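Keep in mind it's a predicted model, so treat the numbers as computed, not measured.
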Amino acid sequence: MRKRILVTGAAGLLGRQIVALFSRDCDLRVTDREECDVTSLDEVRREIGAFHPDLLIHCAAYTAVDRAETERDAAFRLNESGTRNVARACREGEIVLATYGTDYVFDGTLDRHYREEDEPNPLSVYGQSKLAAERALFEEAPEWLLIRTQWLFGPGGPDFVSAILRKADRDGAVRVVTDQVGCPTFAPDLAEATRRLLAAGARGIFHFSNAGHASFYDYAVFLLAESGRRGVRVEPVRTADFPRGTYPAPRPPRSVLDKSKYAGKTGSAPRPWQEAVREYLGTFPGGPTT
């Protein structure tokens, strides 16, 4: 029998990839805020009651990292309360729940990659709201999978790749920080990782990003070279060189995720981030200019 899956946040960057992948061999009920506002427990219960899913993949989230510093209530309402509502409804319906976390729950001070069991210490309101979402999940859902990820990019949403290429085309130069290190994650690869983990019966916390790591400066240099924009000037700067109002939310300086638990469970290792970026750039020859 085909598995029945309810997806929240289906219009977002990750949600679109989840729908594209899982719709191949599953029956999906696709929702975004218009169909199911997860901040309403009654709406979540209604959707579950109407569709009777075997699995709920919860992609709906507040992701405006800097805006969250002045929209704390909105960030917590969607991330914490929304996740609690979804988890509670899944408990009532005995439904498996898969959802997503972020490296921003860590403070970025470790001199090694972050493992699933490392102690969170978020620096930003966004990170705090996502940690609160994790705790709501732990408290409410009986059977769950949480995949922490980072630096998500891909078609269908704003991302670092598009932002850098637009700025390069507009200004002929970009300023990019050297003191924030992580790893880009291609949204289609994260969707596939979700499929592999679920197929393996994974439960609990897993980390996933593409392999390797880079500073945002390294990332930008690679993007510009691979997209043929070799004449663009890339100025290396430090986070403190930007006025505080430019990026109000504090970021973890080094928050590379350890993927060994994922590899052990699925028997597959993520591909290098450079390979994933090349694939993405290949979908729009020359790179986006608008």
Side-chain angles (χ1 to χ4, degrees), residues 14 57-59 61 63 65 79-80 83 87 96-153 160 177 179-216 218-219 239 249-276:
L14 176 58
I57 302 181
H58 179 44
C59 300
T63 58
V65 175
N79 289 342
E80 179 185 23
T83 300
V96 177
L97 172 59
T99 190
Y100 301 90
T102 173
D103 64 309
Y104 277 41
V105 300
F106 299 118
D107 59 19
T109 59
L110 283 186
D111 58 0
R112 58 166 174 78
H113 295 1
Y114 276 91
R115 305 184 187 109
E116 288 81 357
E117 66 271 16
D118 285 325
E119 188 68 25
N121 184 32
L123 303 175
S124 63
V125 170
Y126 167 70
Q128 292 160 10
S129 73
K130 291 296 285 183
L131 180 58
E134 291 188 6
R135 290 172 175 162
L137 174 71
F138 305 158
E139 291 167 3
E140 297 286 351
E143 194 172 356
W144 52 269
L145 169 65
L146 171 68
I147 307 172
R148 292 194 187 121
T149 191
Q150 60 186 144
W151 294 20
L152 194 64
F153 72 95
F160 182 79
V177 295
D179 57 350
Q180 293 177 33
V181 176
C183 186
T185 307
F186 193 30
D189 289 358
L190 179 55
E192 175 61 23
T194 304
R195 188 195 66 78
R196 288 177 180 269
L197 284 167
L198 289 168
R203 300 292 184 267
I205 304 174
F206 286 81
H207 287 173
F208 182 85
S209 68
N210 285 103
H213 61 273
S215 69
F216 277 115
D218 299 329
Y219 192 5
T239 302
R251 268 80 166 168
R254 191 183 192 284
S255 58
V256 183
L257 298 177
D258 186 310
K259 277 80 70 175
S260 56
K261 184 179 177 184
Y262 166 81
K265 186 66 176 179
T266 64
S268 64
R271 61 175 166 166
W273 66 266
Q274 296 93 332
E275 181 181 325

Checking Arg135 now: which residues fulfil salt bridge (Lys or Arg N to Asp or Glu O under 4.0 Å) with it, not counting sequence neighbours? none
Give a yes or no on whether the backbone of Ser255 and the side-chain of Tyr104 come within a donor-acceptor separation of less than 3.5 Å. no
Got a sec, which residues hit side-chain contact (heavy atoms from CB on, under 4.5 Å) with Ser209, two or more places apart in sequence or on another chain? Gln150, Cys183, Thr185, Lys259
Pairing of Asp118 and Arg112 as salt bridge, 4.0 angstrom limit: yes
When rounded to the nearest 0.5 Å, the distance separating CD1 of Ile147 from CZ of Phe206 is 8.5 Å
Apply salt bridge (Lys or Arg N to Asp or Glu O under 4.0 Å) to Arg195 and list each qualifying residue two or more places apart in sequence or on a separate chain. Glu192
Applying salt bridge (Lys or Arg N to Asp or Glu O under 4.0 Å), name anything that partners Glu140, two or more places apart in sequence or on another chain. Arg84, Arg88, Arg91
Nearest 0.5 Å please: distance from the CG atom of Leu257 over to the CD atom of Glu116. 8.0 Å
Residues in ring-ring contact (aromatic ring centres under 6.0 Å, His included) with Trp273, at least two apart? Tyr219, Phe222
Side-chain (Arg251) to main-chain (Ala249) donor-acceptor, under 3.5 angstrom: yes
Set of side-chain contact (heavy atoms from CB on, under 4.5 Å) partners for Ala191, sequence neighbours left out: Gln17, Ile18, Leu21
Can you name the side-chain contact (heavy atoms from CB on, under 4.5 Å) partners of Ser129, sequence neighbours left out? Ala75, Phe76, Asn79, Tyr126
If you round to the nearest 0.5 Å, how far is CG of Asp179 from OG1 of Thr239? 3.5 Å
Please name the pair of heavy atoms, one in Cys59 and one in Tyr100, separated by the smallest distance, quoted to 0.1 Å. SG-CE1, 3.9 Å
To the nearest 0.5 Å, what is the distance between NZ (Lys261) and CD1 (Ile205)? 6.5 Å
What is the minimum heavy-atom distance between Leu131 and Pro122, and which atoms define it? CD2-CD, 3.7 Å
Main chain of Ala136, side chain of Thr83: is a donor-acceptor contact present, judged purely on distance under 3.5 Å? no
By side chain to side chain donor-acceptor pair (under 3.5 Å), Thr109 pairs with (sequence neighbours left out) Asp107
Just jot down the ring-ring contact (aromatic ring centres under 6.0 Å, His included) partners of Tyr262, sequence neighbours excluded, or say none. Phe208
State, to 0.1 Å, how close Lys130 and Ala61 come at their nearest heavy-atom pair, and which atoms those are. NZ-CB, 4.0 Å
Over all atoms of both residues, closest heavy-atom pair of Pro270 and Asn210: CB-CA, 4.1 Å
Is any side-chain heavy atom of Thr149 less than 4.5 Å from a side-chain heavy atom of Asp103? no
His213 and His113: CA distance, side-chain angles, deciding distance, ring-ring contact (aromatic ring centres under 6.0 Å, His included) verdict: CA-CA 10 Å; His213 61 273; His113 295 1; 5.7 Å; yes
So, taking the atom named CD in Glu134 and the one named CZ in Arg148, what distance separates them when rounded to the nearest 0.5 Å? 4.0 Å
Qualifying residues under side-chain contact (heavy atoms from CB on, under 4.5 Å), relative to Pro250, sequence neighbours excluded: Glu69, Leu123, Ser124, Arg244
Apply side chain to side chain donor-acceptor pair (under 3.5 Å) to Thr266 and list each qualifying residue two or more places apart in sequence or on a separate chain. Ser268
Hey, would you say the Phe106 and Tyr114 ring centroids sit under 6.0 Å apart? yes
Which residues share a salt bridge (Lys or Arg N to Asp or Glu O under 4.0 Å) with Glu143, sequence neighbours left out: Arg203
